[in-house]
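Report on the following structure.
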Amino acid sequence: MTAAEARQILLLYRPGTADAEDPEVVQAMAVAREDRELARWFENHCAFQKAMRAGFRQIQVPAHLKLSVLANARAIPSPAPSRTPVWLAAIAGILLLFGLAGLWLRPRAANNYQNFAGRMLTTALRPYQMDIQTNDMRQVRSYLASQGAPSDYELTRGLEKLPLTGAGALRWRSNPVSMVCFNRGDNEMLFLFVLKRTALKDPPPEQPQIARQRDCVTVRWSRGDKTYMLAGPEEANFVQKYL
């Protein structure tokens with residue numbers, strides 16, 4: 001994970017919450033401990049979040065709010081008497097507003113394809129031990145299904161001709177991802193990543209799109225309810241060979 005990727009994940013972190021238990025956050029924090037600039041940014045980020053929380057807690061209910069609510073309640077006929085005190089309803093409304101404010105201030109999760117591709121390439125390019133090593137696709141599909149990862153993916157004609165080496169069950173923003181690994185024949189690996197199409201706000205179209213990232217060729221496409229990304233080292237006629 002790069003410092004930029006770690007920062008993007010830590011933008012969503014809120015001190016004193018269950019965020020600290022998220023595996024992605026834990027990994028990002030580890031990166032921050034090794035990067036002085038990122039560590040300084042993260043310290044300021046946490047301080048800001050704590051100050052915001054403290055500020056919200058100090059906001060007092062306006063003295064006239066109860067009277068305003070009571071006046072409106074008398075003006076609007078109720079279908080049935082309520083046993084809940086009106087002032088409790090007013091406080092509940094204020095708390096709801098605070099909750100909505102927290103959602104508005106919270107950065108939106110970067111659930112776009114670019115973020116997904118970056119995270120998957122980080123996994124593919126670093127030393128990685130496959131969860132299962134086999135040349136039997138039935139075993140791979142069975143294992144991935146047992147982990148809740150997509151197992152009914154469709155292989156391209158080009159990938160069907162390559163030797164299978166294994167697979168791994170990954171997660172990206174709480175979404176299960178299947179990583180299927182192939183040997184292209186020159187001691188180089190190809191990685192096929194599969195996830196639910198609905199996990200992305202901008203899933204690629206069915207027509208394959210090619211791009212180059214981090215010295216790799218990537219091809220992305222969607223088919224049915226799934227999105228696919230194939231990644232591997234630079235090679236001539238990549239799409240023609242493997243799709």
Side-chain angles (χ1 to χ4, degrees), residues 1-57 101-131 147 149 166-181 188-196 199-204 209-220 227 229-234:
M1 180 184 296
T2 66
E5 291 168 340
R7 178 169 178 167
Q8 192 172 38
I9 292 171
L10 292 176
L11 271 173
L12 304 177
Y13 175 73
R14 298 296 178 268
T17 69
D19 289 352
E21 301 174 6
D22 188 304
E24 287 187 339
V25 173
V26 172
Q27 187 179 0
M29 285 181 173
V31 174
R33 286 193 290 270
E34 302 296 327
D35 187 296
R36 182 177 301 178
E37 182 179 351
L38 180 60
R40 183 164 51 250
W41 172 87
F42 184 50
E43 182 179 356
N44 293 335
H45 170 76
C46 291
F48 172 78
Q49 294 300 327
K50 290 177 181 178
M52 287 290 292
R53 180 179 297 179
F56 277 125
R57 288 175 176 172
L103 290 176
W104 292 331
L105 292 172
R106 186 183 181 95
R108 293 185 179 182
N111 61 330
N112 55 27
Y113 173 82
Q114 197 64 28
N115 180 269
F116 167 72
R119 292 299 307 279
M120 295 303 103
L121 284 177
T122 298
T123 299
L125 294 177
R126 71 186 182 190
Y128 180 83
Q129 182 67 35
M130 289 178 286
D131 296 339
Q147 301 300 307
L170 311 176
R171 298 196 75 80
W172 174 75
R173 299 200 175 279
S174 301
N175 297 291
V177 180
S178 294
M179 181 182 73
V180 188
C181 310
E188 295 285 2
M189 298 290 293
L190 294 180
F191 301 89
L192 178 67
F193 299 95
V194 189
L195 83 162
K196 289 276 190 176
L200 296 168
K201 69 178 183 182
D202 57 346
Q209 298 178 336
I210 188 169
R212 287 167 176 79
Q213 297 174 257
R214 301 187 189 180
D215 299 325
C216 288
V217 177
T218 64
V219 184
R220 58 180 178 177
T227 287
M229 183 182 83
L230 179 64
E234 284 273 6

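Note that the numbering runs from 1 along the sequence shown for the chain. Computed from heavy atoms alone, side chains included, the values below leave out hydrogens, waters and symmetry copies.
- A 4.5 Å side-chain heavy-atom check between L195 and M120 finds every atom pair outside the cut-off.
- Q209 contributes atom CD, which lies 13.5 Å from atom CE of M229 (distance to the nearest 0.5 angstrom).
- When side chains are defined from C-beta on, E24 does not count as touching Q27, because their heavy atoms never get closer than 4.5 Å.
- Listed by chain and residue number, E5, R214 satisfy the side chain to side chain contact (heavy atoms under 4.5 Å, CB included) test with T122 (two or more places apart in sequence, or in another chain).
- Here the side chain of N175 pairs a donor or acceptor atom with the backbone of W172 at under 3.5 angstrom.
- Nearest heavy-atom pair, V217 versus P233, reported as atom, atom and distance to 0.1 Å: CG2-O, 4.2 Å.
- Shortest non-hydrogen contact noted between V25 and Y13 is CG1-CD1, 3.7 Å.
- For D131 (side chain) and A169 (main-chain N/O), a donor-acceptor pair under 3.5 Å exists by modelled atom type.
- The shortest distance between side-chain heavy atoms of D202 and F116 does not fall below 4.5 Å.
- Minimum interatomic distance between S178 and A149 (heavy atoms only, all atoms of both residues): OG-CB, 3.3 Å.
- In plain terms, the two heavy atoms of H45 and L10 that are nearest each other are NE2-O, 3.2 Å.
- Here the closest non-hydrogen pair linking A32 and L38 is CA-CD2, 3.6 Å.
- Separation of atoms CZ (F193) and CG (L121) is listed at 6.5 Å; rounding is to 0.5 Å.
- Within the model, atoms CD1 of I9 and CZ of R119 stand 4.0 Å from one another, a figure rounded to the nearest 0.5 Å.
- Heavy-atom contacts from other residues, nucleotides or ligands closer than 6.0 Å to CD of E37 number 12 or fewer.
- One distance of note links OG1 of T218 with CZ of R212; it measures 9.0 Å at 0.5 Å rounding.
- Looking at heavy atoms from C-beta onward, P176 lies in side-chain contact with R171 at the 4.5 angstrom threshold.
- For the residue pair V31 and A3, the shortest heavy atom distance occurs at CG1-CA, 4.1 Å.
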